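One structure coming up, written as structure tokens, with questions to follow.
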2 protein chains.
Amino acid sequence: MTEAKRPRVPREKAQEIILNAAEELFYQEGIHAVSVDAIVERAGMNKMSVYRQFSSKTDLILAYMTRKQDVFWQEWEESIAKHPKRPREQIIQFFADLAERATNEQFRGCCFINVAVEFPDPIHPVRELVCSHQKRIRDAFLERTTALGASNPCELAYTLILLMEGTYADSQTYGTDSAAIRMVPAIVEKVLDQAIQN
Amino acid sequence: MTEAKRPRVPREKAQEIILNAAEELFYQEGIHAVSVDAIVERAGMNKMSVYRQFSSKTDLILAYMTRKQDVFWQEWEESIAKHPKRPREQIIQFFADLAERATNEQFRGCCFINVAVEFPDPIHPVRELVCSHQKRIRDAFLERTTALGASNPCELAYTLILLMEGTYADSQTYGTDSAAIRMVPAIVEKVLDQAIQN
DNA sequence: TAAGTTTGTTACTGAGTAGTAACAAAACGT
DNA sequence: ACGTTTTGTTACTACTCAGTAACAAACTTA
């Protein structure tokens, strides 16, 4: 009998494979609902390969969130880049793209809010990441509403953030069929118009 | 040695004690994070007393949600009742009261969205309850925006729903310190004014 | 080729999970 | 008082979880 081969995967590659599996499962199923074993199986790897890269499940969660954070800002930049130096169109575009994503079958809302829901303890490490991310979002919106020349950039920024978070939340319940999400771009347009007027 | 007494609690009373404990724990800690044993301990009761009233943990969750549903409509009615036959003030009042609650230390967002986050499976029984509740909310808003005489009652209703869900979400990250939530009543006022104007 | 390092594999620990069986004690109906 | 129903208590099943120990196999460097 010939012995079966045992191909090896270097740690860099292994880390990516594991994170890919973790990302899909954590986002789709939720954190508490997904065991490390489930991630191991999905990744087609070994449990020790996970714990040699990540010291704990919490560590894995943080890596997952960091990755999602990068994705968010990448999408943000993409929407912004479609209309250089035109804040109004940039903001509308962002919400149009968001609405597009939010009506996708795979969409499961904002992963940061989702994590916050599952980890109520305010001093838990994952919460700090959520909080810092939300602050960066606020700053980004505020910067755009200021560039827009809104009469009250701060209030407008918060309005947009609420609408964004509302869109995320709505997708959780209605999914592909949300009439509210389909209206989001038009709603944002109206809000922007009013904010510039006076 | 005298034997310790064993005072008994009738099932109706027991059910309420259990639900009180479940409500606090489920809402504060999340569903998956709370074990039936934890609820039993919190209620100061026995495990069998729980499983004789509720056939499963899912059953308990459904009872918890039904109770929260009642609370929501009670709060809704209270806000509405403060300004009889004045839709504009009724809506503003609802958001003012919501903002008040949302900046409370104990507030942990919308329990229905929270449940949806923890139960992604769309055919899970708890999801049906979430969905039906969202639909009732939509109808209630639509009825008020229609009474208001908005030029586009449907769009306004969805705008308000997004703002409401955004408020819930925001409280999860910023809690007591949310500048966005403090601005909500003013934001809603502006949105309403614009919706009536043309 | 030889020694050291990294990865794969198996088996395990200890703790927690939802849910149940069996019986004892209390309350209730008659 | 007596039998029935309801409730309290203990102990249990079968399972899942995060995390680890120990060793074997593969790769790397010298």
Side-chain angles (χ1 to χ4, degrees), chain A residues 1-23 25-26 28-65 115 118-121 124-126, chain B residues 1-22 25-26 29-65 115 118-121 124-126:
Chain A
M1 278 200 206
T2 54
E3 295 289 328
K5 296 177 192 175
R6 223 166 43 164
R8 288 174 40 158
V9 179
R11 62 188 145 75
E12 254 190 32
K13 190 87 183 171
Q15 206 170 50
E16 210 194 314
I17 294 173
I18 292 162
L19 269 179
N20 282 340
E23 189 178 340
L25 290 176
F26 279 154
Q28 293 297 325
E29 312 285 337
I31 310 290
H32 289 325
V34 171
S35 66
V36 175
D37 296 81
I39 294 170
V40 165
E41 195 188 348
R42 173 79 153 225
M45 301 211 63
N46 193 273
K47 201 171 194 177
M48 278 309 296
S49 302
V50 171
Y51 279 104
R52 278 198 263 253
Q53 311 290 334
F54 306 94
S55 66
S56 64
K57 190 183 179 182
T58 300
D59 225 50
L60 236 180
I61 300 166
L62 290 170
Y64 151 71
M65 292 172 75
V115 167
E118 292 205 72
F119 293 84
D121 181 2
H124 193 287
V126 302
Chain B
M1 276 200 206
T2 55
E3 294 289 327
K5 294 177 193 175
R6 224 167 43 165
R8 289 175 37 161
V9 179
R11 64 189 145 74
E12 254 190 33
K13 190 88 181 171
Q15 205 170 52
E16 210 194 314
I17 294 173
I18 293 162
L19 270 179
N20 283 340
L25 290 175
F26 280 153
E29 313 285 337
I31 310 290
H32 289 325
V34 171
S35 67
V36 175
D37 296 81
I39 294 170
V40 165
E41 195 187 348
R42 173 78 154 226
M45 301 212 62
N46 193 273
K47 201 171 193 174
M48 278 309 296
S49 302
V50 170
Y51 278 102
R52 278 200 262 252
Q53 310 291 333
F54 305 94
S55 66
S56 64
K57 189 183 179 183
T58 300
D59 225 49
L60 238 179
I61 300 167
L62 290 169
Y64 150 71
M65 292 172 74
V115 167
E118 293 205 71
F119 292 84
D121 181 2
H124 194 288
V126 301

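Proteins come first, then strands; the chains are lettered A, B, ... in the order of their sequence lines, and each starts at number 1. Note that the coordinates shown come from a computational prediction; the quantities given were computed from them, not determined experimentally.
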message: Could you check whether any side-chain heavy atom of Thr58(A) comes within less than 4.5 Å of a side-chain heavy atom of Pro125(A), counting everything from C-beta outward?
response: yes
- Message: Between Ile31(A) and Val126(A), is there a side-chain heavy-atom distance shorter than 4.5 Å?
- Response: no
Separation of dT16(D) atom C1' from His32(A) atom NE2, nearest Å, is 15 Å
So the ring-ring contact (aromatic ring centres under 6.0 Å, His included) pairs with at least one residue in residues 28-60 of chain A (sequence neighbours excluded) are His32(A)-Phe119(A)
Ile17(A) CD1 to dT7(C) P, in whole Å, measures 12 Å
Per the under-4.0 Å heavy-atom filter, residues of residues 38-46 of chain B near DNA chain C come out as none
Here the salt bridge (Lys or Arg N to Asp or Glu O under 4.0 Å) pairs for residues 44-60 of chain B, sequence neighbours left out, are Asp37(B)-Lys47(B)
Whole-Å distance, Ile31(A) CD1 to dA18(D) C1', equals 15 Å
Across all chains, not counting sequence neighbours, the side-chain contact (heavy atoms from CB on, under 4.5 Å) partners of Gln28(A) are Gln106(A), Arg108(A)
Can you name the atoms? Protein N/O to nucleotides 18-20 of chain C N/O, anything below 3.5 Å, with the distance.
unit_1, atom_1, unit_2, atom_2, d
dA18(C), OP1, Val36(B), N, 3.4
dA18(C), OP1, Lys57(B), NZ, 3.1
dA18(C), OP2, Val36(B), N, 3.1
dG19(C), OP2, Tyr51(B), OH, 2.9
dG19(C), OP2, Lys57(B), N, 2.8
dG19(C), N7, Lys47(B), NZ, 2.9
dG19(C), O6, Lys47(B), NZ, 3.0

Whole-Å distance, Leu25(B) CG to dT17(C) C1', equals 16 Å
Glu23(A) meets the salt bridge (charged side-chain N to carboxylate O under 4.0 Å, His left out) criterion, sequence neighbours left out, with Arg67(A), Lys68(A)
Should Ser49(B) be listed as having a side-chain N or O under 4.0 Å from OP1 or OP2 of dT7(D)?
no
Rounded to whole Å, CZ of Arg11(A) lies from P of dC27(D) at a distance of 16 Å
Residues passing the salt bridge (charged side-chain N to carboxylate O under 4.0 Å, His left out) test with Arg42(A), sequence neighbours excluded, are Glu24(A)
Heavy-atom closest pair (Ala21(B) atom, Ile39(B) atom, distance to 0.1 Å) is CB-O, 3.8 Å
Asp59(A) CG to dT20(D) P, in whole Å, measures 12 Å
Rounded to whole Å, CD1 of Ile61(B) lies from C1' of dT17(C) at a distance of 13 Å
Rounded to whole Å, CZ of Arg52(A) lies from C1' of dT20(D) at a distance of 11 Å
